[in-house]
Amino acid sequence: MTTTLIHSGAVVDPSQNLHAPMDILIHDGCIARLGQSLSHEPHEHTFDASGLFITPGFIDIHAHLREPGGESSETIHSGARAAAAGGFTTVFAMPNTNPTCDSPLIARSTLDRSRQARAARVIPIGSVTKGLAGEELTDYSALQAAGVGALSDDGRPVANADRMRRALELAAQLDLVILDHCEDLSLTGAGVMHEGVISLRLGVSGIPRQAESLIVARDGALSAMTGGRLHICHVSNIESIEAIRHWKSRGAPITAEVSPHHLLLTDERLANYDTNAKMKPPLCEESDRQALIKALEDGTIDCIATDHAPHSQQSKHTTLDAAPFGILGFQTAFPAIYEGFVVPGRWSLDFLVEKLTIAPARVVNLDSQGAGALTPGSAADITLLDLNSPWRLTEDCILSRSTNTPWLGAQFRAQAAGVFVDGRLVHASETFANRIAKARDIEQHAR
Amino acid sequence: MTVATPQHLSVKSLLAIEDLSNQDILAILDETARIKQACACNEDLRHTLPNRTLVNLFFENSTRTRLSFEIAARKLGVDVVNFEAPSSSLTKGESLIDTVRTIDAMRPDFLVVRHSSSGAAHIVQSHARAAILNAGDGAHEHPTQSLLDCFTIREAVGAIEGASIAIIGDLLYSRVARSNVFAFTKLGANVTIFGPPALAPGSFRTLGVTVARSLEEALDGANVVYLLRIQRERQADGLAPAPAEYRRLFGIDETRLSFTAPGAILMHPGPVNRDVEIDAHLLNHPCSVIETQVENGVFVRMAVLKLLVEARP
């Protein structure tokens with residue numbers, strides 16, 4: 001039983017409309033109290049958060065940690081550390097590993113590995129169908145009992161509409177959400193990037209918007225029909241937004257996410273055949289990007305999720321058509337969006353924090369357990385943000401096993417300074433680590 | 001060849017027409033004219049680029065382009081080494097980079113690259129010190145083909161500026177089409193395209209060309225008719241019509257040729273599918289400059305090699 005005090009920071013917790021200088025008292029891994037000047041309360045550990053913002057730990061409901069099977073590009077350990085360095089305290093791991101997370105065994109092993117990592121908490125996602133084959137449904141109740149936080153066949157669609165209908169019916173009964181990768185593979189074909197002016201100029205096969213939007217519309221209809229909770233992953237274009245808007249207005253239980261890269265980049269980024277800008281769904285056009293920003297602002301899209309997708313340098317070091325789809329997301333999500341939207345004044349810090357904390361928690365029903373909020377009694381998952389320490393993203397700063405990010409070399413001013421999971425410090429930036437060391441020295445000296 | 005080139009090229013490798021300025025293109029065409037003239041006078045140019053080595057690095061088969069580069073290089077006194085590695089027998093991409101790094105370590109002056117992936121020439125450039133000449137990358141570009149086409153048009157029609165050029169056939173999967181659309185529009189031609197809707201889509205309008213609604217409309221008043229073959233090897237099934245259907249809808253015969261402007265020329269990058277995109281007997285018609293294109297290819301490639309050396313310190 002230990003008590004920790006984080007003092008002198010500014011608390012930003014959109015779930016409670018909080019934005020004020022406050023101290024936080026953590027007792028036994030949970031938040032005990034929030035209030036002004038709590039330093040007189042008895043405590044064993046102290047963290048000085050002056051000049052920093054204190055927010056609920058970020059939650060990423062869409063990530064690929066590659067273990068088991070893809071350990072050359074990421075492991076649960078490296079992924080959980082990279083997540084923490086990005087300010088995330090909880091990340092959901094997609095089941096497209098090898099073997100697939102379609103059994104309680106793999107789900108439990110992910111949870112075990114997560115505990116060993118002592119970084120961000122990793123929650124496994126169970127697959128909708130066995131082996132992501134789109135045919136036989138997995139045992140949802142067994143997966144739920146083993147600790148999966150959601151269901152998904154991400155990386156692939158459930159192509160068969162009837163199978164999707166049955167999956168939604170079953171998931172509805174268990175109150176599980178299906179995280180839906182919407183893609184009509186027949187329209188994707190050999191496509192490599194968004195079908196538009198750039199793909200035409202580059203002579204690269206395109207993927208039309210409809211490859212995504214047709215399945216969004218189809219699954220929206222199935223969600224309305226079954227009452228099954230559907231969450232549209234990585235929405236990329238204006239047509240999908242319109243389909244989501246339509247089915248939401250009809251009362252279907254749908255939510256949606258957008259990735260940092262779709263908010264910040266367009267297909268122009270591929271003009272030099274950069275394989276680190278190749279992902280699914282592909283980066284679309286500026287009009288799509290603007291529509292995504294508005295959709296997040298008006299609530300059509302509910303939250304931000306990274307779709308962190310590590311691929312080894314070797315596999316990305318090739319021609320655009322041969323490279324795998326996907327880019328890193330954990331360590332650039334907050335800094336890049338902060339730079340792109342908060343610095344120019346389009347979004348408040350509170351809005352961005354909301355979309356990274358309570359909003360994703362609601363999608364996966366974690367809010368009922370107090371996640372995404374700094375409320376007394378909930379787990380002390382806390383992120384301290386430093387908004388004024390310029391830094392450059394180099395390969396050396398990347399804690400993932402892969403370096404496939406279009407932001408290599410980019411300059412940022414915001415970063416996670418300190419990250420606490422269950423009240424334990426799991427990540428400290430260089431500046432914050434120095435501050436902690438200095439405080440200890442003074443303390444020891446005083447003794 | 002005593003006339004000095006007034007200005008260096010703005011590029012140090014030839015990857016794409018899209019990267020070139022109008023000045024670059026015109027400089028290459030002017031140099032080509034000088035070289036062709038010199039060759040016509042039997043001038044010996046073999047001392048032009050002494051102690052230089054060119055490697056033909058072909059990951060995709062092509063006899064004519066490789067031969068054309070080889071002859072062009074030899075005429076300038078450049079040593080030529082040929083390396084053919086069909087991409088099917090190699091792991092894509094990774095071996096491209098490995099191969100390029102290995103060969104570049106032997107310090108050739110030129111790497112002529114052909115590869116089945118769009119953007120391959122860009123990758124090669126980022127891993128090599130040698131001057132890169134893109135001899136065709138996927139469906140992206142084939143710049144020397146376009147330059148020889150521009151030269152041929154200038155010779156046969158006069159100016160490219162203001163000329164009406166109709167490109168007929170599979171543009172979507174054609175690197176020749178892309179390079180030519182960029183070159184012709186840069187130089188001020190009026191370009192009209194037509195073909196099967198999946199292969200000559202309306203999106204080409206964004207590149208500054210007119211997409212015709214009929215073959216007749218495309219050919220109407222054209223000074224140049226540029227025919228492309230169907231790139232069956234690059235596309236998904238079902239996009240291209242069968243040969244007989246293609247000939248009926250898009251093939252050029254004498255009747256259709258009559259829609260063009262007086263003195264119009266007929267071009268094709270080869271190899272020609274006789275009696276599909278063009279009636280066989282039209283190949284020997286006075287309007288056909290298809291053989292001249294092949295001939296000019298050598299001069300254009302000589303010009304590019306020479307100018308790239310001059311552009312590199």
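These values consider heavy atoms only, across backbone and side chains, with no hydrogens, waters or symmetry-generated copies. Below, chains carry the letters A, B, ... as their sequence lines are ordered, and counting in each starts from 1.
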Atom CD of residue position Q23(B) - does it have more than 12 heavy atoms of other residues, nucleotides or ligands inside 6.0 Å? no
Rounded to the nearest 0.5 angstrom, the CG-OG distance for L172(B) and S205(A) is 7.5 Å
Please indicate whether E161(B) has more than 12 foreign heavy atoms, meaning atoms of other residues, nucleotides or ligands, lying under 6.0 Å from its CD. no
Can you establish whether the number of heavy atoms outside R129(B) located under 6.0 Å from its atom CZ is more than 12? yes
Quick one: are Y273(A) and I123(B) in side-chain contact, heavy atoms under 4.5 Å? no
Neighbour count above 12 (heavy atom, 6.0 Å) for N272(A) CG: no
Using non-hydrogen atoms only, which part of L171(B) is less than 4.5 Å away from chain A: side chain, backbone, both, or neither? neither
Does a side-chain heavy-atom distance below 4.5 Å link T318(A) with L96(B)? no
Taking side chain as everything from C-beta outward and backbone as N, CA, C, O, which of these in F182(B) sits under 4.5 Å from a heavy atom of chain A? Side chain, backbone, both or neither. side chain
Assess whether side-chain contact (heavy atoms from CB on, under 4.5 Å) is satisfied between R201(A) and E18(B), documenting all intermediate values. CA-CA 9 Å; R201(A) 272 176 43 210; E18(B) 211 183 354; 2.6 Å; yes
Kindly give the heavy-atom pair with the smallest separation between G203(A) and S118(B), and that separation in Å. O-OG, 2.5 Å
For D321(A) and S117(B), which heavy atoms make the closest approach, and how far apart are they? OD2-OG, 2.7 Å
Crowded around E245(B) CD? As in, over 12 foreign heavy atoms under 6.0 Å? yes
Could you walk me through whether L202(A) and R178(B) satisfy the side-chain contact (heavy atoms from CB on, under 4.5 Å) test, starting with their C-alpha distance in whole Å, then the side-chain angles of each, then the deciding distance to 0.1 Å, before giving a yes or no? CA-CA 9 Å; L202(A) 296 182; R178(B) 264 181 199 75; over 6 Å; no
